[in-house]
Chemist: 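Here you go, one structure.
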Amino acid sequence: MSDLVTYDREGPIAVLTVDNPPVNALGLALRTQLKDAVARFIDDDAEIAVILGGGKLFLGGADVSEFGKPPQDPWLPEVVNFIEDCPKPVVAAIHGVALGGGLEVALGCHYRLAMPGTKLGLPEVTLGILPGAGGTQRAPRVVGTDTALEMITGGKPIGPDEALEAGLIDRVGEGETRATGVAYAQDLLDQGAGPRPIKAMDRPAAPAEGWDAWEAKLHAKYPGQVAQVQAMRAVKAATEHDLPEGLDEERRLFNALMDTPQREGLIHAFFIERKVAKVPGLEGATPRDIGSIGVIGGGTMGSGIATAALLRGLPVTLVEMKQEAADKAQATIAGNLDGAVKRGKMSAAKRDAALGTLHCVTDYGALKDADVIIEAVFESMDVKKEVFTKLDAIAKPGAVLATNTSYLDINEIAQATSRPADVIGLHFFSPAHIMKLLEVVVADATDKDVTATGFALGKRLGKVSVRAGVCDGFIGNRMLSHYRSAADWMMLHGASPYQIDRALEDFGFAMGPNKVADLAGLDIGYMTRQRKGREAGIVHPQWADDLYDMDRLGRKTGRGFYIYDDESPKGREDPEVLDLIEQERRKQGIEARDFSADEIVDRYMAAMVNEGARVLEDGIALRPLDIDVVKLMGYGFPRYRGGPMKYADMTGIATIRDRLRDYEDGSGFWTPAPLLEELAEDGRTFEDMNNA
Ligand code: T1G
């Protein structure tokens, strides 16, 4: 019985249509039925076959949910080889996407057609593996080694025109996929075309730059990651062996990667970025309209939010206090859109159309028809309350009133209106039109349809939205504040800021915490410390206050933790910073001691996981996966480690609990959270909590 692949005829042409929603993933059942359908074609009197995907795409690749489980026959390489060895020609008619194993199946076919708008790619390295069904052997033979290396080690898909140019496909279709595929097959029959197996093609040459240069480039571009270099080695095998031997080497390298922690971390990241939108308790909620957006405040955040909406075709009315500020916002937004055009993210025509739907004004009344109004004014509770009181008076019934505050109490803001159920937090990350993370912050009175509206808007804006509860800093900044204090603790006791940054960048962070502070501006940290005041158990980084007082705010003043000048644009160490820290040690009678890179990472991560546990205890995050997504998407956490809570599972929760117990110094800062103790005692993991 074949319910995943239908087989029918159009004269001498057999049409094999795959239908395995949602993405035609090549799980065991589909592999079996696809192979059976090709076997039927071989026995049939049809002269040529066309394979195409039902639904919105061709084939979405191997079934990622099978990873980590014992592979089951027929393996995908076997199915691809079976197609390639078919004694009659087989055509792949591709639409939507052909990714990973999906493109590898197409490479097993003898001819390839792609419809306009199709994405063709080998993204396996983004999952910590490499193309394991012949992609590293067949792609170089059709597109050449250099292009194959770009595609395979970069993991980015290409479009049909580029694919045609590269030789990956033979024709770009038009109109309806099936009809186009059948017509192409008929053309091939008319030409007397027979099977054209890639394995019969010449071995590809070595890359122009040479293998050593490629390896060096990959180590530099993907520090600490293993898949890219291994994928390069698989492609190298294609230049040194005939296909069968090359496939063996590819399989060996693939299997080795399948067992790595990086593959586990990256697959975790893949799934939680999708699962995060399935918020417990939101079942049955109905999003309200999001057709028109109001923004209050045209500063960096307000202009960024407005840009994000315009990029996705949503009209925006932006309100500023004075027309001069409104005009400035208009110019900033136009500049942002020009940047999008330059980056190829938007056509000039679409930019012009978008600007036609932007109105930057000073009259709140212009917001009366807006579906969602997002406030992004100065971070002062009084100012925000004033804004929301005004909004309450003019916004239409059912409009969603959102604040972009990064730490203020949204419950208090909501109470400034007569409609607290319509108030929510939409915490964008700067630059708002580029950063993908959006914290949807749910206040006590927020209606679940309003929460669902926040997620619907996030999806429309191309964001990855995470549900957060109300507290100082929500999920991301609350945790940042805590593990930033762990770094301060280590500096007070002997670690240099530069050693800390190096250790954490070697662990995989895009930037160490002190480089991040210099980038954001040391005034941000200073204002936060002023606002929060001294907190028990938290080291107060007096040296950071001293730098602020010396107007050394980081990159923007050319000096912070690092010195930034022509000699060292990326920053060099500043002995004066070390002196400031030593002065504070002397004042507190602390003798500096050595810290190993391992201890720096262990302490920093233990603090991060511990605060994550407290964020879960307080219900600020509903699931550990919400925390992982926030840290992956907004805070430069290394993706191949899956996020702090995944890191804790892979390290062992009891191990982290024990480290914290060892770190206990009476301040309470290192005390393990009750949830951590409980999970360690029960032998449960954060993943168990995700699946509860
Ligand atoms: N396997 C299993 N499930 C998948 C899947 C896959 N490959 N791709 C998507 N899903 C699920 C996803 O989790 C979600 O589930 C639903 O489908 C819709 O996904 C041998 C080994 C195809 C462009 O990397 O890029 O082939 O949340 O929301 O926005 O060399 O999915 O509904 O329960 O993303 O329309 C290589 C990964 C695998 C492609 C569609 N393939 N997928 O985007 O839907 S490795 C990939 C995507 C490989 C071979 C190797 C996208 C998409 P749920 P979605 P979408």
Side-chain angles (χ1 to χ4, degrees), residues 61-62 64-65 67-68 99-100 121-131 151-157 217-232 254 256-277 429 431 434-439 458 462-466 475-476 479-480 483 501-513 515-516 519 601 604-605 608-609 612 621 623-651 685-687 690:
V64 178
S65 64
F67 288 4
L99 292 175
L122 295 167
E124 287 85 345
V125 291
T126 65
L127 301 172
I129 49 177
L130 53 80
M151 286 187 73
I152 291 167
T153 60
K156 291 193 175 21
K217 186 163 68 168
L218 292 173
H219 280 307
K221 193 169 181 184
Y222 306 101
Q225 297 183 56
V226 295
Q228 290 80 1
V229 171
Q230 295 300 81
M232 182 206 78
F254 174 86
L257 283 175
M258 195 50 96
D259 295 337
T260 60
Q262 292 193 10
R263 191 274 303 157
E264 186 177 343
L266 286 165
I267 294 294
H268 176 76
F270 172 83
F271 279 117
I272 63 173
E273 276 171 353
R274 289 157 174 82
K275 197 169 176 184
V276 72
F429 286 72
I434 293 186
M435 289 294 284
K436 286 184 73 76
L437 180 61
L438 173 65
E439 282 181 312
K463 303 294 181 187
V464 178
S465 304
V466 183
I475 298 173
M479 289 178 65
L480 168 63
Y483 56 81
D501 283 357
R502 272 193 300 278
L504 292 167
E505 286 161 15
D506 289 347
F507 175 77
F509 280 93
M511 293 172 90
K515 278 198 189 140
V516 170
L519 185 64
V601 170
Y604 193 79
M605 286 309 305
M608 187 182 301
V609 170
R623 302 159 294 182
L625 69 89
D626 296 291
I627 293 171
D628 283 342
V629 170
V630 165
K631 289 300 157 187
L632 289 174
M633 302 304 291
Y635 291 80
F637 194 91
R639 187 178 174 83
Y640 59 83
R641 294 186 186 272
M645 313 318 267
K646 180 64 179 174
Y647 159 87
D649 282 351
M650 292 171 76
T651 304
T685 63
F686 287 117
E687 190 60 12
N690 285 333

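Positions are given from 1 along the sequence.
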Chemist: Would the distance check show the side chain of E439 and the main-chain N or O of I475 forming a donor-acceptor pair, the cut-off being under 3.5 Å?
Modeler: yes
Chemist: In terms of side-chain geometry, is the basic nitrogen of K515 or E505 positioned less than 4.0 Å from the acidic oxygen of its partner?
Modeler: yes
Chemist: Taking all atoms of both residues into account, what is the closest heavy-atom pair of S465 and G458, and its distance?
Modeler: OG-CA, 3.5 Å
Chemist: Is a side-chain N or O of D259 found less than 3.5 angstrom from the main chain of A256, in a donor-acceptor match?
Modeler: no
Chemist: For A62 versus F67, what's the shortest heavy-atom pair and its separation?
Modeler: CB-CE1, 4.2 Å
Chemist: Check I627 against G612 and note the closest heavy-atom contact, atom names and distance.
Modeler: CD1-O, 3.4 Å
Chemist: Between R263 and L127, is any pair of side-chain heavy atoms under 4.5 Å apart?
Modeler: no
Chemist: Go through it in stages, so that I can follow the logic: the residues are T153 and V125, the test is side-chain contact (heavy atoms from CB on, under 4.5 Å), and I'd like the CA-CA distance, side-chain angles, deciding distance and then a yes or no.
Modeler: CA-CA 6 Å; T153 60; V125 291; 5.5 Å; no
Chemist: Would you call D649 and K646 a salt bridge, using N to O less than 4.0 angstrom?
Modeler: no
Chemist: Any idea which heavy atoms bring L257 and T260 closest together, and the distance?
Modeler: O-OG1, 2.7 Å
Chemist: Scan residues 628-641 for pairs that pass salt bridge (charged side-chain N to carboxylate O under 4.0 Å, His left out), counting only residues two or more places apart or in two chains.
Modeler: E273-R639
Chemist: Got L632 and I272 here, is their nearest side-chain heavy-atom distance under 4.5 Å?
Modeler: yes
Chemist: Is a side-chain donor or acceptor of K436 paired with a backbone partner of M633 at a separation under 3.5 angstrom?
Modeler: no
Chemist: K463 and M435: which non-hydrogen atoms are nearest, and at how many Å?
Modeler: NZ-O, 2.6 Å
Chemist: Is there side-chain contact between Y604 and P513, with at least one heavy-atom pair below 4.5 Å?
Modeler: yes
Chemist: How far does CD1 of I129 sit from CD1 of I267, to the nearest 0.5 angstrom?
Modeler: 6.0 Å
Chemist: Does any non-hydrogen side-chain atom of K221 lie less than 4.5 Å from one of Q228?
Modeler: no
Chemist: Do T126 and F270 have side chains that get closer than 4.5 Å, going by heavy atoms?
Modeler: no
Chemist: Report the distance from atom CD of Q262 to atom CD of Q230, rounding to the nearest 0.5 Å.
Modeler: 10.5 Å
Chemist: Nearest 0.5 Å please: distance from the CG atom of L266 over to the CD atom of E124.
Modeler: 12.5 Å
Chemist: Identify the heavy atoms of P624 and M645 that sit nearest to each other, and give their distance.
Modeler: O-CG, 3.7 Å
Chemist: Taking the side chain as C-beta and beyond, is there a heavy-atom pair between Y483 and Y635 under 4.5 Å?
Modeler: yes
Chemist: Can M151 and K156 be said to form a side-chain contact (heavy atoms from CB on, under 4.5 Å), step by step?
Modeler: CA-CA 6 Å; M151 286 187 73; K156 291 193 175 21; over 6 Å; no
Chemist: Please identify which of these residues, V276, V630, V466, meets the side-chain contact (heavy atoms from CB on, under 4.5 Å) condition with L625.
Modeler: V276
Chemist: Quick one: are F507 and F637 in side-chain contact, heavy atoms under 4.5 Å?
Modeler: yes
Chemist: Taking the side chain as every heavy atom from C-beta outward, state whether V64 and F271 have any atom pair closer than 4.5 Å.
Modeler: yes
